[in-house]
**Student:** 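So that we are looking at the same thing, I have put the structure below in structure tokens.
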2 protein chains.
Amino acid sequence: MTERKDAMPEKTDGPGAGCPIRGVLDRIGDQWSLLTLEALETEKKRFNELLREVGDISKQMLSKTLRHLEQDGYISRTVYPEVPPRVEYELTELGRSFLTPMKTLIQRAEQNHPEIIRSRLRHGAE
Amino acid sequence: MTERKDAMPEKTDGPGAGCPIRGVLDRIGDQWSLLTLEALETEKKRFNELLREVGDISKQMLSKTLRHLEQDGYISRTVYPEVPPRVEYELTELGRSFLTPMKTLIQRAEQNHPEIIRSRLRHGAE
DNA sequence: CGGCATCCGTAATGATACTG
DNA sequence: CAGTATCATTACGGATGCCG
């Protein structure tokens, strides 16, 4: 049976009421979503391609992530009823419109990463 | 003893080599970091204030998150050696410079959230 | 090839009690 | 008030095997 363990408890509690942060982060803030999206940024890819591209992700996680991303409309899934079967994943406009600024932000964060590292050492070494 | 369970395995593997995504997301992409940062956006706050503000976070998680954020230089921690003790957390410039665009991004994502919901229903209901 | 189901170890997380 | 230590629970994540 298809276990629907994604309860989606709608964590929009107290402060979360007016804060869409959770809603979005719960989707793309996980371990693999962003990486997967990024892998698809340049071109559509197949399952095993992504498996290799992302690297240390398992089939299960990739599968789950992919389904998740597709559910939210970030990517599209195209099945070619051939043999052997071929499935291609592609970034949608929504996905792209989200990934681009996100990457910008990440890159900006990277700029002051040195500062972060320093801060980390300063406190971590104590 | 102060458990240092944060192994920081430096997940910058394969594709992650040139991708700073993980480095940043592993820090602020977790369940509470963003929420905590946001709670501090308007003004400096004390521990229990944050505990209430964030809502469904436990003392332990808040504590850990706070330490994490402080380590990375996103927030500052000021202890007032009084009795009863008072500790105030405040957003640093780094924290603010990161939170602001992040929130913008989140909000933009919220705009097409309706679309996401639709997409979700479409696939989830089938 | 794509991908879901199962088993299982690990690690995150909440609740509680305790300290300074 | 501000945390930390401990415990129990659970969810996550990886490996494997099977099926279309």
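Numbered from 1 within each chain, the chains take letters A, B, ... in sequence-line order.
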**Student:** Could you check how far CD1 of B/I57 sits from C1' of D/dG3, rounded to whole Å?
**Tutor:**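 B/I57 atom CD1 is separated from D/dG3 atom C1' by 13 Å.
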**Student:** Rounding to an integer number of Å, can you tell me how far B/L50 CG sits from D/dC1 P?
**Tutor:**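 Answer to the nearest Å: 14 Å.
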**Student:** Output the rounded distance in Å from CH2 (B/W32) to C1' (C/dT13).
**Tutor:**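 Going from CH2 in B/W32 over to C1' in C/dT13 covers 9 Å.
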**Student:** In sequence, state the C-alpha distance, the side-chain angles, and the governing distance for B/F98 and B/T100, and then conclude on side chain to side chain contact (heavy atoms under 4.5 Å, CB included).
**Tutor:** CA-CA 6 Å; B/F98 184 75; B/T100 302; over 6 Å; no
**Student:** Would you say D/dA15 has OP1 or OP2 under 4.0 Å from some side-chain N or O of A/S58?
**Tutor:**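 Answer no for this pair, as no side-chain N or O of A/S58 is under 4.0 Å from OP1 or OP2.
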**Student:** What is the distance, rounded to the nearest whole Å, between atom CG of B/L62 and atom P of D/dC1?
**Tutor:**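 B/L62 atom CG is separated from D/dC1 atom P by 14 Å.
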**Student:** Look only at the side chain of A/R96 and the backbone of A/E41, and say whether a donor-acceptor pair between them is shorter than 3.5 Å.
**Tutor:**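 Indeed, once roles are kept as given, a pair shorter than 3.5 Å links the two residues.
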**Student:** When you check the phosphate oxygens OP1 and OP2 of D/dT4, does a side-chain N or O of B/R67 lie under 4.0 Å from one of them?
**Tutor:**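 It does, given that an N or O in the side chain of B/R67 lies less than 4.0 Å from OP1 or OP2 of D/dT4.
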**Student:** B/E90 vs B/R77, test: salt bridge (charged side-chain N to carboxylate O under 4.0 Å, His left out). Steps then yes/no.
**Tutor:** CA-CA 7 Å; B/E90 187 173 13; B/R77 178 174 180 273; over 6 Å; no
**Student:** In whole angstrom, give the distance that lies between atom NZ of A/K59 and atom P of D/dC19.
**Tutor:**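 Answer to the nearest Å: 14 Å.
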**Student:** Given 3.5 Å as the limit, does a donor-acceptor pair link the side chain of A/E49 with the main chain of A/R46, or not?
**Tutor:**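 Pair found, side chain donor or acceptor close to backbone of A/R46.
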**Student:** Rounded to whole Å, how long is the line connecting atom CG of B/D30 with atom P of C/dT13?
**Tutor:**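 In whole Å, C/dT13 P lies 7 Å from B/D30 CG.
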**Student:** At what distance, to the nearest 0.5 angstrom, does CG of B/L69 lie from CZ of B/R67?
**Tutor:**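 Reported to 0.5 Å precision, the distance equals 11.0 Å.
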**Student:** Using a 4.0 Å cut-off on heavy atoms, which residues in residues 75-92 of chain A reach DNA chain C? List them by number, or say none.
**Tutor:**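 Those residues are A/R77, A/P84, A/P85, A/V87, A/Y89.
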**Student:** Quick one: A/E53 CD to C/dG2 C1', roughly how many Å, whole number?
**Tutor:**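 Roughly 18 Å, once rounded to whole Å.
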**Student:** Any sub-3.5 Å donor-acceptor pair from B/S63's side-chain atoms to B/Q60's backbone N or O?
**Tutor:**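 No; zero donor-acceptor contacts below 3.5 Å.
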**Student:** Check this for me, if you would: do A/E88 and A/K45 make a salt bridge, where the nitrogen-to-carboxylate-oxygen distance has to be below 4.0 angstrom?
**Tutor:**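 Salt bridge: no.
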**Student:** Heavy atoms within less than 4.0 Å of DNA chain D: which residues of residues 40-48 of chain B have one? Give them sorted by number.
**Tutor:**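 B/R46, B/F47, B/N48 - these, ordered by number, are the residues of the stretch whose heavy atoms sit under 4.0 Å from the strand.
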**Student:** Just how far, in rounded Å, is P of D/dC1 from CG of B/L51?
**Tutor:**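 Result: 11 Å.
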**Student:** Backbone N or O of A/W32 within a donor-acceptor pair of the A/T65 side chain at under 3.5 Å?
**Tutor:**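 Checking the backbone N and O of A/W32 against the side chain of A/T65, no donor-acceptor pair under 3.5 Å is found.
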**Student:** Find which nucleotide of DNA chain D each of A/M61 and B/Q60 is nearest to by heavy atoms, and output the residue with the more 5' nucleotide.
**Tutor:**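 Result: B/Q60.
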**Student:** Quick one: bend of the helix from C/dC1-D/dG20 to C/dG20-D/dC1 from 5 pairs per end, to 10°?
**Tutor:**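 Between the first-five-pair axis and the last-five-pair axis there is 40°.
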**Student:** When rounded to the nearest 0.5 angstrom, what is the spacing between CG in B/L51 and CE in B/M61?
**Tutor:**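 Going from CG on B/L51 over to CE on B/M61, the span is 12.0 Å.
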**Student:** Counting distance only, does the side-chain N/O of B/D72 pair as donor-acceptor with the main-chain N or O of B/Y74 below 3.5 Å?
**Tutor:**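 Such a contact is absent between B/D72 side chain and B/Y74 backbone.
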**Student:** Would you check if the side chain of A/E38 reaches a backbone N or O of A/L35 as a donor-acceptor pair within less than 3.5 Å?
**Tutor:**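 Not confirmed, A/E38 side chain does not pair with A/L35 backbone.
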